[in-house]
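In what follows, a structure is listed as structure tokens, so that the remarks can point back to it.
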Amino acid sequence: MNENLAALVPELALVGTAVVGLLAGSWLPRRRQWIIAVLAAAACAAGLVATGVTMVTDREQTVFAHAFAVDTATDFGRLTVLGALLLIAGMSVETVRGHKRETEYWVLLLLTGAGTLALIGANDLLTLFAAYLLASIPAYALAAYAKDERGTEAALKYYLMGALLGTTMLAGTALLYAAGHATLYRELNTALPTAAYGLVAVGLIGVLAGLLFKAGAVPAHFWVPDVTDGAPTPVAAYVTTLPKIGGLIAGFRLLHQALPGTDVNWPLLLGVVAAVTMTLGNLAAFFQSSVKRLLGYSTISQVGYLLMALAVATRTDLAQRSLLFYLAAYAATNLAAFAVVTELPHARTLDDYRGLARRRPGLAAVLVVCLLGLVGTPPTGVFLGKLEIFSAAVDGGFTWLAALAVANTVASLFYYLRWLAPLFRLDPAEPSATALAVSGRWSAATAYTAGAASLLLGVAGGAVLPLTTGPLLP
């Protein structure tokens with residue numbers, strides 16, 4: 001059995017730093033708690049370096065009795081998650097600096113990041129569920145970090161939905177084990193095609209329920225707008241980005257590795273879920289006036305597009321690369337938008353952004369790039385990601401779903417323009433200077449960095465796409 005701990009350096013770096021940070025933070029004075037933030041950033045950087053070495057040296061392998069796979073999907077997912085964690089850390093500095101629970105914030109962020117990384121490489125049902133718990137439980141606490149009324153309500157909804165669907169996921173795991181007499185994907189691959197149809201179908205739906213909760217897809221989406229609106233903005237940026245990366249890559253691996261030969265028509269099921277998710281997210285976002293709730297419903301619609309790759313996971317070779325690239329492009333674009341919102345803490349509604357282009361032209365430019373990028377406007381990374389994922393859907397026989405996604409993309413332009421229009425409005429009713437007051441340089445730097453990454457992924461996508469291709473290890 002391969003027990004090579006070196007294969008898990010990114011995950012171990014986050015967990016180890018979380019433990020060290022918690023112990024060190026108990027002794028450090030409050031004015032020195034920033035040291036834990038530096039340790040967290042160093043852990044992410046170390047994980048990025050280790051992932052780069054793995055990709056360059058082609059050290060793909062499965063470890064611990066094949067329960068965890070280190071392959072193309074794992075490595076590219078690690079790059080996306082760790083890069084996103086660094087961006088979230090950057091926009092969190094002003095929010096948590098000097099807070100009496102500053103250390104706890106960084107520790108929780110590291111732990112939930114480690115859980116997300118574990119989800120990405122999970123190659124066994126029990127590993128998948130353990131990763132689900134590690135990614136979820138710290139996130140519930142983060143949602144209530146501000147300890148105000150809205151944050152507490154948001155965290156309670158988040159926890160209750162997570163507990164319900166986590167239990168459902170565990171029940172589904174038990175049913176798949178009963179059907180296939182195994183938890184490893186490679187063993188389920190050979191056992192499930194001859195297992196009882198009903199047992200496999202119900203078990204799969206149960207496991208997918210937990211993963212759809214992580215991604216924020218219908219019907220497990222109810223928590224998304226409330227948590228996005230009630231949690232601190234950096235935490236909202238986290239819950240609309242990282243759980244999607246972990247949940248969707250984990251779902252893709254499960255479907256591709258464990259269920260390709262079953263009679264259960266899960267491609268049609270996921271196609272319908274994708275269609276409903278993108279449509280509902282867009283319709284709900286149309287008349288939102290709160291910028292955070294608008295981004296919350298926007299992220300639901302984006303999950304609908306991403307689920308198209310899961311629906312054709314075993315039908316086309318384009319599915320994996322389209323999913324991985326879209327996730328990276330979406331992460332950069334979404335985090336840039338949230339960094340702008342973090343930088344302008346008093347601008348809570350669309351009208352509060354009136355005149356931003358005149359007062360803060362740099363932030364306005366980033367917001368234009370982000371919102372048009374989320375629509376899928378060239379030359380942003382999301383444009384290339386959508387092009388890839390629509391091509392994968394057509395190649396996989398879901399032309400009707402690709403057509404619906406195009407229609408939803410056009411419709412989404414409406415509510416993004418509702419936010420963009422006030423930026424350039426110069427009427428006398430502009431909000432006071434307080435509404436557009438900035439919080440500090442860290443959030444602004446994060447916004448510029450993430451916005452530039454979104455553009456770079458669009459311009460240099462041809463160089464990035466080859467990194468997303470490669471077989472999944474059994």
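Values below: all heavy atoms of this structure, side chains included; hydrogens, waters and symmetry mates excluded.
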If the condition is ring-ring contact (aromatic ring centres under 6.0 Å, His included), which residues does Phe286 pass it with, not counting sequence neighbours? Phe414, Tyr415
Applying side chain to side chain contact (heavy atoms under 4.5 Å, CB included), can you list everything that pairs with Trp34, at least two apart in sequence or on another chain? Arg32, Val38, Glu102
Quick one: pull up OG1 in Thr103 and CD in Gln33 and give me the separation to the nearest 0.5 Å. 3.0 Å
Between the main-chain N or O of Leu295 and the side-chain N or O of Thr299, is there a donor-acceptor pair closer than 3.5 Å? no
Tyr305: partners by ring-ring contact (aromatic ring centres under 6.0 Å, His included), with sequence neighbours left out: none
My understanding is that only one of Thr228, Thr241, Ile88 makes a side chain to side chain contact (heavy atoms under 4.5 Å, CB included) with Phe338; could you say which? Thr228
Checking Trp223 now: which residues fulfil ring-ring contact (aromatic ring centres under 6.0 Å, His included) with it, not counting sequence neighbours? Tyr158, Phe213
Taking all non-hydrogen atoms of both residues into account, name the closest pair between Ile300 and Pro225 and its distance. CD1-CD, 4.2 Å
Within residues 284-306 or reaching into it, pairs that qualify as salt bridge (charged side-chain N to carboxylate O under 4.0 Å, His left out) - sequence neighbours excluded: Asp226-Arg293, Asp229-Arg293
Determine whether a donor-acceptor pair (N or O, by modelled atom type, separation under 3.5 Å) exists between the side chain of Thr240 and the backbone of Ala236. yes
With distance as the sole criterion, is a donor-acceptor pair present between the side chains of Tyr145 and Glu104 under 3.5 Å? no
For residues 107-131, which side-chain donor-acceptor pairs fall under 3.5 Å, sequence neighbours excluded?
{"unit_1": "Thr112", "atom_1": "OG1", "unit_2": "Ala135", "atom_2": "O", "d": "2.6"}
{"unit_1": "Thr112", "atom_1": "OG1", "unit_2": "Tyr238", "atom_2": "OH", "d": "2.3"}
{"unit_1": "Thr116", "atom_1": "OG1", "unit_2": "Thr112", "atom_2": "O", "d": "3.0"}
{"unit_1": "Asn123", "atom_1": "ND2", "unit_2": "His66", "atom_2": "O", "d": "3.3"}
{"unit_1": "Asp124", "atom_1": "OD1", "unit_2": "Leu126", "atom_2": "N", "d": "2.8"}
{"unit_1": "Asp124", "atom_1": "OD1", "unit_2": "Thr127", "atom_2": "N", "d": "3.3"}
{"unit_1": "Asp124", "atom_1": "OD2", "unit_2": "Thr183", "atom_2": "OG1", "d": "2.7"}
{"unit_1": "Asp124", "atom_1": "OD2", "unit_2": "Leu184", "atom_2": "N", "d": "3.2"}

Flag, side chain of Lys244 to backbone of Ala215, donor-acceptor distance under 3.5 Å: yes
Nearest 0.5 Å please: distance from the CG atom of Leu457 over to the OH atom of Tyr330. 14.5 Å
Got a sec, which pairs hit side chain to side chain donor-acceptor pair (under 3.5 Å) with one end in residues 375-389, sequence neighbours left out? Arg321-Glu388, Lys386-Thr409
By the salt bridge (charged side-chain N to carboxylate O under 4.0 Å, His left out) test, which pairs, at least two apart or in different chains, include something from residues 160-173? none
So, the side chain of Ser289 versus the backbone of Thr349: is there a donor-acceptor pair under 3.5 Å, distance only? no
Are Thr468 and Gln320 linked by a side-chain donor-acceptor pair shorter than 3.5 Å? no
Compile the donor-acceptor pairs under 3.5 Å between side chains in residues 362-372 and protein atoms, sequence neighbours left out, one pair per line.
none

Going by the side chain to side chain donor-acceptor pair (under 3.5 Å) test, which pairs reach into residues 72-82, not counting sequence neighbours? Glu11-Arg78, Glu60-Thr72, Asp71-Thr74, Thr74-Arg253
Under 3.5 Å, side-chain donor or acceptor atoms of residues 445-452 against the rest of the protein: list the pairs with distances, not counting sequence neighbours.
{"unit_1": "Thr446", "atom_1": "OG1", "unit_2": "Met91", "atom_2": "N", "d": "3.4"}
{"unit_1": "Thr446", "atom_1": "OG1", "unit_2": "Trp442", "atom_2": "O", "d": "2.9"}
{"unit_1": "Thr449", "atom_1": "OG1", "unit_2": "Ala445", "atom_2": "O", "d": "2.8"}

With Phe390, which residues qualify under ring-ring contact (aromatic ring centres under 6.0 Å, His included), at least two apart? none
